[in-house]
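Below is one structure, written out as structure tokens, with a few remarks after it.
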Protein chains: 2
Amino acid sequence: MKKGPLTIKDIAKDLNISTSTVSRALKDNPDISPETRKMVQDYAKKHKYKPNALALSLRTQRNNIIGVIVPELANHFFSGVLSGMETIAEDKDYHVIVCQSSEDYNREIRNVQTLIKARVCGVLISQSKTTTNYDHFQELLDNDIPVIFFDRICTGIDTDKVVVDDYSGTFTAVEYMIKTGCKRIAFFTAPMHLEISKNRKNGYLDALRKYHLPVDESLIRIADTKLLGYEKAKEILQEPNRPDGFMAMNDYTASGVLLAAKELKLKVPDEVSIFGFSNSNISQDTDPMLSTMDQRPMEVGKQAMELLLEKIENPENTSRKNKIIKTSLIVRQTTRSLPEEL
Amino acid sequence: MKKGPLTIKDIAKDLNISTSTVSRALKDNPDISPETRKMVQDYAKKHKYKPNALALSLRTQRNNIIGVIVPELANHFFSGVLSGMETIAEDKDYHVIVCQSSEDYNREIRNVQTLIKARVCGVLISQSKTTTNYDHFQELLDNDIPVIFFDRICTGIDTDKVVVDDYSGTFTAVEYMIKTGCKRIAFFTAPMHLEISKNRKNGYLDALRKYHLPVDESLIRIADTKLLGYEKAKEILQEPNRPDGFMAMNDYTASGVLLAAKELKLKVPDEVSIFGFSNSNISQDTDPMLSTMDQRPMEVGKQAMELLLEKIENPENTSRKNKIIKTSLIVRQTTRSLPEEL
DNA sequence: GTGAAAGCGCTAACAT
DNA sequence: ATGTTAGCGCTTTCAC
């Protein structure tokens, strides 16, 4: 009676052959006679032999583990992204180790150390909001561990990235409102030092320009929470020349705008159109339900993982790749319908 | 110029000592002279030596990886649970590998195979809704891999479990409504064959009994979605002897009930109290915001992970442990305030 | 067609 | 106080 899991050695002893023969037979090596192969394979199946992944890793120096660092797991977007990553990884026989930075720079550093120690063969990162120094990311590269950033990308490190197309997402949403009759569209955004804000603003401005609508700076406000959305909308909607459309930073802000409009007895979407962003759960909970842009978290996750695995499996290819994930328009009830196409 | 990461061998060669001395010096073994120790440690730090976890695992037959199988990652409860697990694991230097079954029995089987192959040292499972056969779980135990179930426990396998206290959560919520003046409380539940429904119903009934309120079977309805909550509430609220309180299966159902009450111009909470369950995001998005029971996902995750690590580190202790995580009452705006305590 | 032996990185008996 | 050796499970030359 032996202890521990069955090894190649055990099989060899039991079958009176050498370990190398067993090893080869298991991989259907044609050098080995068909009879021996069959014998070994039958034995393995019968005794549920499972190769020791640890020993394998030690030899190949590859453990097929991918590390992922996200700011927060309990978040609709990130858990969706992780879900997408999982899907691809499972397909190609990789495992995913998750770490959360909890938006904390120091914890993020520890996450990186952990992953280096675990000798993962690649890392996917969406950086914490508090991270401003990138030495720890560089350390990954110094250890020859490929890194891909997604969503919250790090512009200070030269590597591949996967981002959501904020520019054209915003452009499309604003264009939709214009096509459905809006003439004065307000833009509620996050602080302008963020990359995301700049891209969204450009999308907004370009849509207005395309349709020759005037740009009114007073319609552009910093508001990225439900409360701020509510307050600023209430303010702006009581001015003489009130807007007839709102492009919000996210669904929470949009829900605040909606609240303000309802309180002012303005009809949504007839008098005021509202567009959210993210397609988070809340967008289906409001009444009327929010029109919004889906950021396709699954797709972000899948693409990032695919990019990484490609890089791992073709290390000689050093070209930079940036993927931009198109958002997808979700028209619900806070915007009007498109007029019939010609 | 050598390639690959620095090994003990490299250090030994460079310092003209043996690998065992290096190994010992790195662990501050007192057998080694302080000078040698310092020399080795300084060298290691300077050259950023990192022990090869793979080689270590091969020796110790332990890789400090924990597998987790959840039905769905993009879910408020499960991502919270995972978050809690992560916290504990990180503390004790374990890694977490996530798998999602996507509520699919066959995928769950594959998840289990994957984890066995990866030779994880323990597994945490919340089973898929479609799982009715437990052979794959048994296989984990046959491979000497400790298993803990959480939330969606498997009653067919003899192992430790961590569950949410549905009984007393419901009891507490119903009791709260009674204390704040409700006399006729409806109970909206999921299908009664589920463990969770039975436990909740018992909590509901016992609370009524404690305060000598009559049980009216017509107030107990199957409703576990927003739509069903809306429909059944609308129905029941228009009957002559309408209820003045609702205990819902989850926050979605509760939001449907709220919608119905608002449409019928009933004042919430003055004329109708409503309790949700889960403390999911939506509970803060409704107007008024829902009173609900928090299921403390973090706590579930932490406790499950602690139980597992204890089992891994003390394999000789074979006693069964079941943990019941108390829910916590969250009073928002769909219930009245408690009268002043005496 | 099969076996013996070396080696992946590290540790721990067992020398000296 | 330090070095030598064997071995964790597996693959892969190199022999025969």
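A note on names: the letters A, B, ... follow the listed sequences, proteins ahead of strands, and every chain is numbered from 1.
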Legend entry - Pairwise 5' ranking along DNA chain D for B:I17 and B:T60, keeping only the more 5' one: B:I17

Inset, instruction - Indicate yes or no for a side-chain donor-acceptor contact from B:Q127 to the backbone of B:I153 under 3.5 Å, with no hydrogens or angles considered. - result: yes

Inset, instruction - Would you mind reading off the distance between B:R62 atom CZ and C:dT11 atom P, rounded to a whole angstrom? - result: 16 Å

Inset, instruction - Please answer whether the main-chain N or O of B:N29 pairs with a side-chain N or O of B:R24 as donor and acceptor at a distance below 3.5 Å. - result: no

Legend entry - d(CZ, A:R24; C1', D:dT11) in whole Å: 9 Å

Inset, instruction - Would you please confirm or rule out a distance under 4.0 Å between OP1 or OP2 of D:dC10 and any side-chain N or O of A:S23? - result: no

Legend entry - Base of D:dG9 paired with side chain of B:R59 (donor-acceptor, under 3.5 Å): no

Inset, instruction - Can you tell me the distance, in whole Å, between the CG atom of B:L26 and the P atom of C:dC10? - result: 9 Å

Legend entry - Between A:T7 and A:D10, a side-chain donor and acceptor under 3.5 Å: yes

Legend entry - Between P of D:dG3 and NZ of B:K13, the distance in whole Å: 15 Å

Inset, instruction - Measure from CG on A:D28 to C1' on C:dG1 and round the result to the nearest Å. - result: 15 Å

Inset, instruction - On DNA chain C, check which nucleotide each of A:T19 and A:D31 is closest to and give me the residue with the more 5' one. - result: A:D31

Legend entry - Whether A:Q100 side chain and A:I69 backbone form a donor-acceptor pair below 3.5 Å: no

Inset, instruction - Would you kindly give the CD1-to-P distance between B:I11 and C:dT11, to the nearest whole Å? - result: 11 Å

Inset, instruction - Please determine, by modelled atom types, if A:Q138 and A:D142 share a side-chain donor-acceptor pair under 3.5 angstrom. - result: yes

Legend entry - Full working for salt bridge (Lys or Arg N to Asp or Glu O under 4.0 Å) between A:E103 and A:R152: CA-CA 11 Å; A:E103 303 285 9; A:R152 304 242 206 103; 2.8 Å; yes

Legend entry - Approximate separation, where rounding is to 0.5 Å, of A:N52 CG and B:L58 CG: 6.5 Å

Inset, instruction - Please evaluate the base of D:dT4 for a donor-acceptor partner in the side chain of B:S20 within a cut-off of under 3.5 Å? - result: yes

Inset, instruction - Check step by step if side chain to side chain donor-acceptor pair (under 3.5 Å) holds for B:Q41 and B:D28. - result: CA-CA 9 Å; B:Q41 286 167 14; B:D28 242 346; 3.1 Å; yes

Inset, instruction - Answer yes or no: does a side-chain N or O of A:K9 lie under 4.0 Å from OP1 or OP2 of D:dC8? - result: yes

Inset, instruction - Apply side-chain contact (heavy atoms from CB on, under 4.5 Å) to the pair B:T159 and B:K311, showing each step before the final yes or no. - result: CA-CA 11 Å; B:T159 185; B:K311 216 170 168 182; 3.1 Å; yes

Inset, instruction - Give one of base, sugar-phosphate or nothing for B:T36, where a contact means two heavy atoms less than 4.0 Å apart. - result: sugar-phosphate

Inset, instruction - Output yes when at least one side-chain N/O atom of B:T21 is less than 4.0 Å from OP1 or OP2 of D:dT2, else no. - result: no

Inset, instruction - State, to the nearest 10°, the angle formed by the axis through the first five base pairs of the helix from C:dG1-D:dC16 to C:dT16-D:dA1 and the axis through its last five. - result: 50°

Legend entry - Distance in angstrom units between A:L6 CG and D:dG9 P, rounded: 11 Å

Legend entry - Residue met sooner reading DNA chain C from 5', once A:S33 and A:R119 are mapped to nucleotides: A:S33

Legend entry - Whole-Å gap separating P (C:dA13) and CG (B:N29): 12 Å

Legend entry - Closest to the A:I32 side chain, choosing from C:dT2, C:dT11, D:dC8: C:dT2

Inset, instruction - Examine distances only and state if a side-chain atom of A:R119 and a backbone atom of B:P51 form a donor-acceptor pair shorter than 3.5 Å. - result: yes

Inset, instruction - Identify, residue by residue, the members of residues 48-57 of chain B with a heavy atom below 4.0 Å from DNA chain D, and return them in order of residue number, or none. - result: none

